[in-house]
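This report concerns only the one structure given below.
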Number of protein chains: 2
Amino acid sequence: MAQSRTPVLHRDDPEKDPLVGHVKVTREDWLNLARNVLVQEGVGELKILSLSTRMGVSRSSFYWYFKNRADLLAALLDEWEARNTRTIVTHCEMPADDINAAVCNFFRCFVDPALFDRGLDFAVRDWARRDVQVNQRIEAADAQRLEAISAMFARFGYDAYDADIRARILYFMQIGYHAVELREPMEVRMSRLEGFLRGFTGREPTEDTIEAFRVFAMATEARP
Amino acid sequence: MAQSRTPVLHRDDPEKDPLVGHVKVTREDWLNLARNVLVQEGVGELKILSLSTRMGVSRSSFYWYFKNRADLLAALLDEWEARNTRTIVTHCEMPADDINAAVCNFFRCFVDPALFDRGLDFAVRDWARRDVQVNQRIEAADAQRLEAISAMFARFGYDAYDADIRARILYFMQIGYHAVELREPMEVRMSRLEGFLRGFTGREPTEDTIEAFRVFAMATEARP
DNA sequence: GTTTTTCTGGACAGGTGTGTCCATTCATGC
DNA sequence: GCATGAATGGACACACCTGTCCAGAAAAAC
């Protein structure tokens, strides 16, 4: 085969697992590449042959780290669940002086892609349409997130019904924003949200989160 | 081959194209099945072999109606564009007494799946992540929809900036709701929206659409 | 320096997908 | 009743993906 051998992906952070011999790739390398492919091309395009050629490694290497393709997918799903949903829940539980500051905490989840990976979230949401198991996972995740947001409102005096309504408005609007503006450069989005956060804290606190939604919409709208 | 022959899908509505001979399937049959597969399983699973076996017809039949796979995908995309985006635009342009009635018209798009196919919309949105051409189409569609909603608000006295903000809140929340509750039974969703529409028209008109969002959230929240 | 363990390359078998060619079938027009 | 043309079935060539097996290279342990 005359195919030119692509350079091997060596690890850059050997702080963990230094006990392996003849290291060329690691399980983490497979997972990272697989996550990128999942986000950018979907589950259907997540193929072992494709991954191995991109890493410049034989397919056999994959079967050393994972039992099979399903094993890789399960690992990706676990990672998503631990990352995205937990981020939202912990941010909703952060201490805050009033509901406006609490909503502000909620928005902070979506500023740092290391906290909440929106691309991964939609990739999984899409994957769920084709897999009943995954569907159950994301339905549970959505319920858990909505519950956390609702509890956040309840902490500041809203009764259960009003808290639920506000949680749903907030969560749906956030998800919808990401669905539509998914491919907007992260720098643009971050600068907007940072601007929002600065402007928000400098304002008189309002007695409703309606104003917070309004300011958030201002911050995310297309024009400067 | 001992494979039992599945019964052929005959057309139920021969009102159009009665001039074909030896009719077993039509171009419409291929398109309808392909649309279902696109929505439920994604573009990646849209395979000619799979479609033909489901219709109980040879693969060769496909190549009579379509040039190739790309031809089918283009037809599906055209259909989506004509259906979903045009529905939203026309509903936004409907005459209304005040902004609340106008927002109410907007919501009506999403009651009837024949008007706006939410499953198709998300299938295309997902497809766009893997295809630059499709991405451009859906970005144009989102811009067109937002423009129509914004113009709707502008008709009722909102200046361009406020109209844009409200259009984005409304559209993002709607898209987010569909993204999260996508697999909720349509009857449940319809009964909620119908209840919303009834309750809405029986109320005193408010001077802001904030109240409309609030009532919409009440109508779509999980509890009765 | 040898042995052991860890990891990778290449080949095999089986499955599925695409696009094309051509003989065949069936409804329609004559 | 027969010719015409629309529509289909079946086969060919080619490509891609999965999972498995085993020989062998390279680091680690001794």
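In what follows, every chain begins at residue 1, and chains take the letters A, B, ... in the order their sequences are listed.
- Rounded to whole Å, the distance from CZ on A:Arg27 to P on C:dT8 is 14 Å.
- Using a 4.0 Å cut-off between a side-chain N of Lys or Arg and a carboxylate O of Asp or Glu, B:Glu45 and B:Arg54 do not qualify as a salt bridge.
- The line from OH of A:Tyr177 to CZ of B:Arg168 is 8.0 Å long, rounded to the nearest 0.5 Å.
- Distances shown here put a side-chain N or O of A:Tyr65 below 4.0 Å from the OP1 or OP2 atom of C:dT8.
- For B:Arg27, there are no salt bridge (Lys or Arg N to Asp or Glu O under 4.0 Å) partners at least two apart in sequence or on another chain.
- Separating the NZ atom of B:Lys47 from the C1' atom of C:dG15 is a distance of 12 Å, rounded to the nearest angstrom.
- In this structure, B:Lys67 atom NZ and C:dT18 atom C1' are separated by 13 Å, rounded to whole Å.
- Rounded to a whole Å, the CG atom of B:Leu49 is 17 Å from the P atom of D:dC17.
- Atom P of nucleotide C:dT8 and atom CZ of A:Phe66 are separated by 12 Å, given to the nearest angstrom.
- A search for ring-ring contact (aromatic ring centres under 6.0 Å, His included) contacts involving A:Phe116 returns A:Phe110, not counting sequence neighbours.
- B:Phe62 has its CZ atom 10 Å from the C1' atom of C:dT18, to the nearest Å.
- Atom CD in A:Glu45 sits roughly 14 Å away from atom P in C:dG17 (whole-Å rounding).
- Taking the side chain of B:Tyr63 as heavy atoms from C-beta on, and the options C:dG19, D:dG19, D:dC17, the nearest nucleotide is C:dG19.
- In this structure, A:Asp71 places its CG atom 11 Å from P of D:dG19, rounding to the nearest Å.
- Classified by interplanar angle (parallel below 30°, tilted 30° to 60°, perpendicular above 60°), the ring pair A:Tyr65/A:Trp30 is tilted.
- Within the 4.5 Å cutoff, the side chain of B:Phe107 has heavy atoms near those of the B:Val103 side chain.
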Interface polar pairs with nucleotides 10-14 of chain C, N/O, under 3.5 angstrom:
from	atom 1	to	atom 2	distance (Å)
C:dG10	O6	A:Ser60	OG	2.5

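- When distances are taken from the side chain of A:Trp64 to each of C:dT18, C:dT8, D:dC17, the shortest belongs to C:dT8.
- Residue A:Asn68 has its side chain nearest to D:dG19 when only C:dT8, D:dT8, D:dG19 are considered.
- Distance OG/B:Ser150 to CG/B:Leu170: 11.0 Å, rounded to 0.5 Å.
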